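For reference, the structure is listed below as structure tokens.
Note that this is a predicted model, so its numbers are computed, not measured.
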Amino acid sequence: MHYDTIIIGIGGMGSAAAWQLAKRGQKVLGLERYDIPHAHGSSHGISRIIRLPYYEDSAYVPLLHRAMELWREAEAASGRELMVTTGSIDASPEDDPLFQGALASARLHDLTHEVLTGTQVNERFPGYNLPAAHRALFQPQGGLIASERAIVAHVEMAQALGATIHAREPATSWEAGPGGEGVTVVTDKAKYRANKLILAAGAWIGQLAPELKNLAVPERQVLAWLQPHRPEWFVPKTFPVFNLAVEEGRYYGLPIYDVPGFKFGRYHHRGETGAPETLRHEPDAQDEALLRQFGERYFPAGSGATMALRACLFTNTPDEHFIIDHHPRHPQIILASPCSGHGYKFCSVIGEILAELATGAATQDIGFLRLGRQGLSGAVERVAF
Ligand SMILES: Cc1cc2nc3c(=O)[nH]c(=O)nc-3n(C[C@H](O)[C@H](O)[C@H](O)COP(=O)(O)OP(=O)(O)OC[C@H]3O[C@@H](n4cnc5c(N)ncnc54)[C@H](O)[C@@H]3O)c2cc1C
């Protein structure tokens with residue numbers, strides 16, 4: 001019952017951390033409250049976007065390069081397709097931070113890219129129907145990650161290296177040992193001890209680390225898959241993943257992949273926040289209407305019959321950047337995963353970073369993701385860690 005590291009939450013981040021720790025010869029226990037994988041958290045819905053010219057902050061780009069290497073490594077090691085290259089489009093009115101941020105990021109990090117008008121995007125990728133004057137940054141290395149399959153792959157690879165993973169065993173509490181030494185984790189079934197604990201509980205992290213409650217706020221999202229009238233325009237070879245700012249809001253979308261429909265969603269869908277258990281799981285007619293309206297206007301050739309709708313959870317921080325850090329009072333505990341709706345693409349590299357933090361190894365420059373960063377000042381001070 002004694003482990004080097006316990007991971008609470010075997011979703012996107014936790015499963016990647018399990019593999020990385022097992023690769024380092026660690027004795028690992030992963031605890032997951034639901035199935036592996038499951039559709040209650042943040043990582044379901046088949047696919048997620050990966051894109052390099054990061055308009056949110058250029059500081060993510062080095063992490064993205066490493067994330068891509070690690071996705072390819074995980075593909076090779078697991079024999080499963082995990083990353084599909086489609087190219088990425090970041091499009092908005094010219095002066096919008098989405099296009100400007102993507103352009104700045106591409107220039108700063110010398111990323112291959114092209115700047116196109118809305119009209120040029122529509123000509124080259126006929127599934128699109130962008131406003132003519134929009135500006136788009138096309139970057140050829142972007143694509144999608146098979147998110148649920150990647151969780152399975154990471155878990156299988158961790159298990160093959162000796163990791164113990166228990167599904168349907170929620171952690172009910174944990175207690176840190178004195179002086180930064182050791183931790184005890186309690187479930188309904190047993191009590192486990194470890195040297196280190198990683199809290200990768202996604203939308204539930206505020207329940208396990210109450211100090212994070214106001215810094216990591218769950219929000220309901222809904223995804224739609226619509227049957228294209230011209231399916232050949234919506235496959236990975238012809239349809240780059242997109243982030244798009246339009247007058248209705250900010251949206252993202254991906255080609256047909258494992259569901260017979262092209263997929264998209266709206267950031268901060270209807271602004272519904274709350275504890276994960278209180279957020280409605282079942283999409284309704286209003287969710288569908290909101291998404292269909294967008295699809296029919298900007299992707300008319302893609303917006304036939306509804307094929308699927310699914311609700312999913314964001315976990316938002318005040319500045320919408322991640323929180324990856326040691327617990328301020330208990331250095332043997334590592335906080336991961338409030339990823340504000342854009343974290344999946346990073347799971348491979350965050351898994352590596354978590355393993356490095358847990359083993360005391362040098363890691364990447366993640367100052368902009370730590371609790372002490374400027375973007376959280378004020379918010380963190382109000383929390384009694
Ligand atoms: C609709 C939608 C679209 C998105 N699109 C993109 C995208 O295109 N690109 C991108 O990069 N990101 C995207 N994201 C964000 C990304 O999916 C998330 O950042 C990522 O999945 C978070 O992973 P996680 O490991 O933190 O959470 P999860 O995968 O949810 O894992 C947390 C796990 O912890 C478990 N858990 C919780 N409490 C306990 C407990 N007490 N005991 C045991 N287990 C527990 C949960 O059951 C869960 O399995 C999207 C998110 C949503 C919702």
Taking side chain as C-beta onward, heavy atoms only, is [X] less than 4.5 Å from [Y]?
{"X": "Ile205", "Y": "Ile323", "answer": "no"}
{"X": "Tyr252", "Y": "Val241", "answer": "no"}
{"X": "Phe322", "Y": "Met13", "answer": "no"}
{"X": "Leu291", "Y": "Arg266", "answer": "yes"}
{"X": "Ser88", "Y": "Leu52", "answer": "no"}

Quick one: do the [X] and [Y] side chains pair a donor with an acceptor below 3.5 Å?
{"X": "His342", "Y": "Tyr54", "answer": "yes"}
{"X": "Thr306", "Y": "Glu288", "answer": "yes"}
{"X": "Gln286", "Y": "Arg270", "answer": "yes"}

Look at the side chain of [X] and the backbone N and O of [Y], then say whether any donor-acceptor pair between them is shorter than 3.5 Å.
{"X": "Tyr192", "Y": "Thr187", "value": "no"}
{"X": "Arg373", "Y": "Leu369", "value": "yes"}
{"X": "Ser42", "Y": "Leu313", "value": "yes"}
{"X": "Glu148", "Y": "Ile46", "value": "yes"}
{"X": "Thr315", "Y": "Ala216", "value": "no"}
{"X": "Arg193", "Y": "Gly182", "value": "no"}
{"X": "Gln139", "Y": "Thr112", "value": "yes"}
{"X": "Ser348", "Y": "Ala67", "value": "yes"}
{"X": "Arg48", "Y": "His44", "value": "yes"}
{"X": "His269", "Y": "Gln221", "value": "no"}

Item to complete: Would you please indicate if the ring centroids of Tyr251 and Phe242 are separated by under 6.0 Å?
Response: no
Item to complete: Would you check if the distance from the ring center of Phe99 to the ring center of His134 is below 6.0 Å?
Response: no
Closest heavy-atom contact between [X] and [Y]?
{"X": "Met68", "Y": "Met83", "value": "O-CE, 3.8 Å"}
{"X": "Phe368", "Y": "Asp365", "value": "CE2-O, 3.7 Å"}
{"X": "Ala22", "Y": "Ala163", "value": "CB-CB, 4.4 Å"}
{"X": "Pro328", "Y": "Leu335", "value": "CD-CD1, 4.4 Å"}
{"X": "Leu354", "Y": "Ala336", "value": "CD2-CB, 3.6 Å"}
{"X": "Gln20", "Y": "Leu70", "value": "NE2-CD2, 3.8 Å"}

[atom2] on [Y] to [atom1] on [X], rounded to 0.5 Å:
{"X": "Leu357", "Y": "Ile350", "atom1": "CG", "atom2": "CD1", "result": "10.5 Å"}
{"X": "Thr86", "Y": "Phe125", "atom1": "OG1", "atom2": "CZ", "result": "9.0 Å"}
{"X": "Glu156", "Y": "Ser15", "atom1": "CD", "atom2": "OG", "result": "11.0 Å"}
{"X": "Leu144", "Y": "Lys263", "atom1": "CG", "atom2": "NZ", "result": "8.5 Å"}

Fill in: Steps toward side-chain hydrogen bond (donor to acceptor under 3.5 Å, both in side chains) verdict (Tyr267, Glu320)
CA-CA 12 Å; Tyr267 284 99; Glu320 300 206 348; over 6 Å; no
Discussion item. Pair Leu29, Val185 - check side chain to side chain contact (heavy atoms under 4.5 Å, CB included), show working.
Written reply: CA-CA 11 Å; Leu29 171 65; Val185 175; over 6 Å; no
Evaluate the ring planes of [X] and [Y], with Trp represented by its six-membered ring, and classify them as parallel (under 30°), tilted (30 to 60°) or perpendicular (over 60°).
{"X": "His281", "Y": "His40", "answer": "tilted"}
{"X": "His154", "Y": "Trp71", "answer": "tilted"}
{"X": "Phe239", "Y": "Phe262", "answer": "perpendicular"}
{"X": "His330", "Y": "Trp174", "answer": "perpendicular"}

Residues, nucleotides or ligands: over 12 heavy atoms within 6.0 Å of [X] [atom1]:
{"X": "Arg329", "atom1": "CZ", "answer": "yes"}
{"X": "Glu181", "atom1": "CD", "answer": "no"}
{"X": "Glu277", "atom1": "CD", "answer": "yes"}
{"X": "Glu73", "atom1": "CD", "answer": "yes"}
{"X": "Asn214", "atom1": "CG", "answer": "no"}
{"X": "Arg107", "atom1": "CZ", "answer": "no"}

In this structure, would [X] and [Y] fall into the same cluster of hydrophobic residues linked by side-chain contacts under 4.5 Å?
{"X": "Phe299", "Y": "Phe138", "answer": "yes"}
{"X": "Val28", "Y": "Met1", "answer": "no"}
{"X": "Ile6", "Y": "Ile10", "answer": "no"}
{"X": "Ile49", "Y": "Leu82", "answer": "no"}
{"X": "Tyr3", "Y": "Ile333", "answer": "yes"}

Discussion item. As a quick check of understanding, evaluate side chain to side chain contact (heavy atoms under 4.5 Å, CB included) for Thr5 and Ile334, giving each step before the final call.
Written reply: CA-CA 10 Å; Thr5 302; Ile334 296 153; over 6 Å; no
Item to complete: Considering only NZ, NE, NH1 and NH2 on the basic side and carboxylate oxygens on the acidic side, decide whether Arg24 and Asp4 come within less than 4.0 Å.
Response: no
Practice prompt. Output yes when Arg280 and Glu282 qualify as a salt bridge under the 4.0 Å nitrogen-oxygen rule, no when they do not.
Written response: no
Discussion item. Before you tell me yes or no, could you show the steps for Arg250 and Asp96 under salt bridge (Lys or Arg N to Asp or Glu O under 4.0 Å), namely the whole-Å CA-CA distance, both residues' side-chain angles and the distance that decides it to 0.1 Å?
Written reply: CA-CA 11 Å; Arg250 190 160 57 97; Asp96 188 282; over 6 Å; no
Item to complete: Apply salt bridge (Lys or Arg N to Asp or Glu O under 4.0 Å) to the pair Arg72 and Glu75, showing each step before the final yes or no.
Response: CA-CA 5 Å; Arg72 288 297 180 217; Glu75 264 187 332; 2.7 Å; yes
Item to complete: List the steps, then state whether side chain to side chain contact (heavy atoms under 4.5 Å, CB included) holds for Ser105 with Tyr55.
Response: CA-CA 6 Å; Ser105 207; Tyr55 63 83; over 6 Å; no
Practice prompt. Begin from the C-alpha positions of Arg51 and Glu56 and carry the test salt bridge (Lys or Arg N to Asp or Glu O under 4.0 Å) through to its verdict.
Written response: CA-CA 11 Å; Arg51 54 191 159 85; Glu56 291 91 336; 2.7 Å; yes
Discussion item. The criterion is ring pair (Phe, Tyr, Trp, His ring centres under 6.0 Å); which residues satisfy it with Trp204, sequence neighbours excluded?
Written reply: Tyr34
Worksheet entry | Verdict with supporting geometry, Gln100 and Asp95, side chain to side chain contact (heavy atoms under 4.5 Å, CB included) | CA-CA 7 Å; Gln100 288 300 334; Asp95 58 353; 5.5 Å; no
